[in-house]
Amino acid sequence: MVTLLYFAWVREMVGTDSETLTLPAEATTVAALLDWLATRSPGHDAALADRSRIRVAVDQQFAAPDTPLHNPREIAIFPPVTGG
Amino acid sequence: MVTLLYFAWVREMVGTDSETLTLPAEATTVAALLDWLATRSPGHDAALADRSRIRVAVDQQFAAPDTPLHNPREIAIFPPVTGG
Amino acid sequence: MITARLQTEPFDAAAEQAALIGARTDLGAAVSFTGLVRADDGLVALTLEHYPAMTLAQLQAIAAEAASRWPGTFGTIIHRHGRMLPGEPIVLVVTASPHRGDAFAAAQFLMDWLKTKAPFWKREAWADGSTRWVEAKGSDDAAAERW
Amino acid sequence: MITARLQTEPFDAAAEQAALIGARTDLGAAVSFTGLVRADDGLVALTLEHYPAMTLAQLQAIAAEAASRWPGTFGTIIHRHGRMLPGEPIVLVVTASPHRGDAFAAAQFLMDWLKTKAPFWKREAWADGSTRWVEAKGSDDAAAERW
């Protein structure tokens, strides 16, 4: 089981701030996970439509699209950060 | 008549913070003025010995060695500045 | 040593700088940066969302990176989250160092990295009742990558 | 608008920053630089001599140059002269701007130019009773020339 967290407009478009689920076998990388997630609902699909505006942290470390997923516990999906 | 002002260790080596005098005809530039001043006393000579450590302001504007002197009223001679 | 804090309430930049310097007399330069909520035409509030499990650790990692690049430089980072009004402070970076070059560089580095590597998101609320998520700026990426 | 002052007494950096910002809410970034007397091994005091007829005008000229390079940036320069003890502040530069890049750049420019173009000279007094005029640093010339 992995906990997915959504922040900012990704959270608003997906319609929830978190969900806990079992990853399918094909979710071997961050990019593959996003491909699969986009099929889960129209909200997920819309939120993830423009991958250039999506950032991901795996177990609280920023991850690139080709980062492999090895039994992650927490994956956060969000827009580019705008603090400071 | 021109007022010469000395600051920091130039002042200490010359032995006075100011003097008022008439420039000789040959003091046509800052460099020529310094050459002439160095002949006025052993203190002047010692203070002006290393020209790379001397800075000059003519009428309160920084001046280069080749800056011509046109009836200046006030010439200040001092080491490179160390404020801030 | 560069420390980081996360809080909702405003901060006192002068008190933070005084605490950072303490009784030390080997510091010749102190730099303080304060980021403020700008009242761009009709902005009524800014809300900063963040990623609680990650934010402080990420600020501390940025602080540790600065401390390793500028040894002998001390610093404090304070980042607020929650709702803020125009004119209020959002973020504080204070650095102190024997020399001014290091104090300035460390403060700019901390701000540049924080802007692109700390998980905060700003939502603007406007006078007409609308809200808008602030878009990340390419200039911030460029600023972070120069270090 | 960037203003300059010359004084013997210490300053209150926080009050100066607050006064600079005032009621403005279009400023997103404030940078404050404080130069401090470092207590290098056995230093007991620093005395800053200056050129009264020229100093303030020169600080104002440096301020005007910064204002023309960073329009929309506000600033305050305060430089002390006279005798100061270790840990005391010597110089303050505060800038405020809509964006952080301008606030940082203007503050660094002001300090770099002030270091090489304002007629101050520092004399150190040491615990053994000796005094020494501080030597100008080539690194300061290089810093001033990069702008």
Side-chain angles (χ1 to χ4, degrees), chain A residues 1-21 23 30 33-34 37-38 42-84, chain C residues 4 6-7 33-38 46-62 77-82 84 89-93 107-124 131-144:
Chain A
M1 299 289 277
V2 62
T3 300
L4 300 181
L5 302 176
Y6 304 108
F7 292 102
W9 55 256
V10 175
R11 170 176 55 72
E12 293 176 341
M13 292 177 78
V14 170
T16 183
D17 60 2
S18 70
E19 51 187 335
T20 299
L21 43 75
L23 294 188
V30 165
L33 167 69
L34 297 180
L37 269 181
H44 287 80
D45 187 42
L48 303 175
D50 180 355
R51 297 291 166 83
S52 75
R53 300 178 70 211
I54 295 295
R55 298 292 181 272
V56 175
V58 176
D59 289 330
Q60 299 155 25
Q61 300 288 327
F62 285 109
D66 61 358
T67 300
L69 299 180
H70 301 300
N71 295 314
R73 286 164 299 135
E74 180 175 296
I75 299 177
I77 303 172
F78 44 76
V81 304
T82 58
Chain C
L6 188 65
Q7 62 188 47
F33 175 87
T34 305
L36 302 158
V37 181
R38 268 203 322 274
L46 204 61
T47 301
L48 268 94
E49 181 172 327
H50 74 113
Y51 181 178
M54 184 176 174
T55 314
L56 185 59
Q58 193 67 8
L59 291 177
Q60 288 169 336
I62 294 166
I77 305 170
I78 301 176
H79 206 301
R80 292 176 67 197
H81 61 99
M84 297 160 218
I90 304 168
V91 60
L92 175 70
V93 163
Q108 283 186 281
F109 170 86
L110 287 167
M111 280 307 304
D112 287 346
W113 271 37
L114 189 158
K115 281 263 176 187
T116 59
K117 297 178 200 290
F120 292 97
W121 300 273
K122 288 194 183 101
R123 188 172 54 182
E124 299 170 334
T131 64
R132 186 177 68 191
W133 290 97
V134 172
E135 289 280 325
K137 286 185 286 191
S139 59
D140 284 334
D141 290 329

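Order of the sequence lines fixes the chain letters, A, B, ..., with proteins taken first and strands second; residue numbering starts at 1 for each chain.
Of all heavy-atom pairs spanning C/Ala136 and A/Val81, the tightest one is CB-O, 3.9 Å. Scanning all heavy atoms of the two residues, the minimum distance from A/Ala57 to C/Met54 falls at CB-SD, 3.9 Å. Closest approach of A/Thr82 and C/Val134 over heavy atoms only: CG2-O, 3.3 Å. Between C/Lys115 and A/Gly83 the shortest heavy-atom distance is CD-O, 3.4 Å.
Heavy-atom pairs under 4.5 Å with chain A were tallied for C/Gly35, C/Ala61, C/Ala53; the largest tally goes to C/Ala53. When each of C/Met111, C/Arg80, C/Lys117 is scored by its heavy-atom pairs under 4.5 Å with chain A, the top score falls to C/Lys117. Taking chain A as the reference chain and counting heavy-atom pairs below 4.5 Å, the highest number among C/Phe120, C/Phe33, C/Tyr51 is found for C/Tyr51.
Applying the salt bridge (Lys or Arg N to Asp or Glu O under 4.0 Å) criterion to A/Arg55, with sequence neighbours excluded, gives no partner residue. By the side-chain hydrogen bond (donor to acceptor under 3.5 Å, both in side chains) test, C/His79 pairs with no residue at all, sequence neighbours left out.
Only the backbone of C/Ala118 comes within contact range of chain A, judged by heavy atoms closer than 4.5 Å. Contact annotation for C/His81: neither backbone nor side-chain heavy atoms come within less than 4.5 Å of a heavy atom of chain A. Looking at C/Glu135, both its backbone and its side chain come within 4.5 Å of chain A, counting heavy atoms on both sides.
Note: A/Phe78 and C/Trp121 have tilted aromatic rings, judged against thresholds of 30 and 60 degrees for the angle between ring planes.
Near-neighbour residues of residues 65-77 of chain A relative to chain C, defined by a heavy atom under 4.5 Å from a heavy atom of that chain, comprise A/Glu74, A/Ala76.
For residues 4-14 of chain A, the set of pairs meeting the salt bridge (Lys or Arg N to Asp or Glu O under 4.0 Å) definition, not counting sequence neighbours, comprises A/Arg11-C/Glu49, A/Glu12-C/Arg123.
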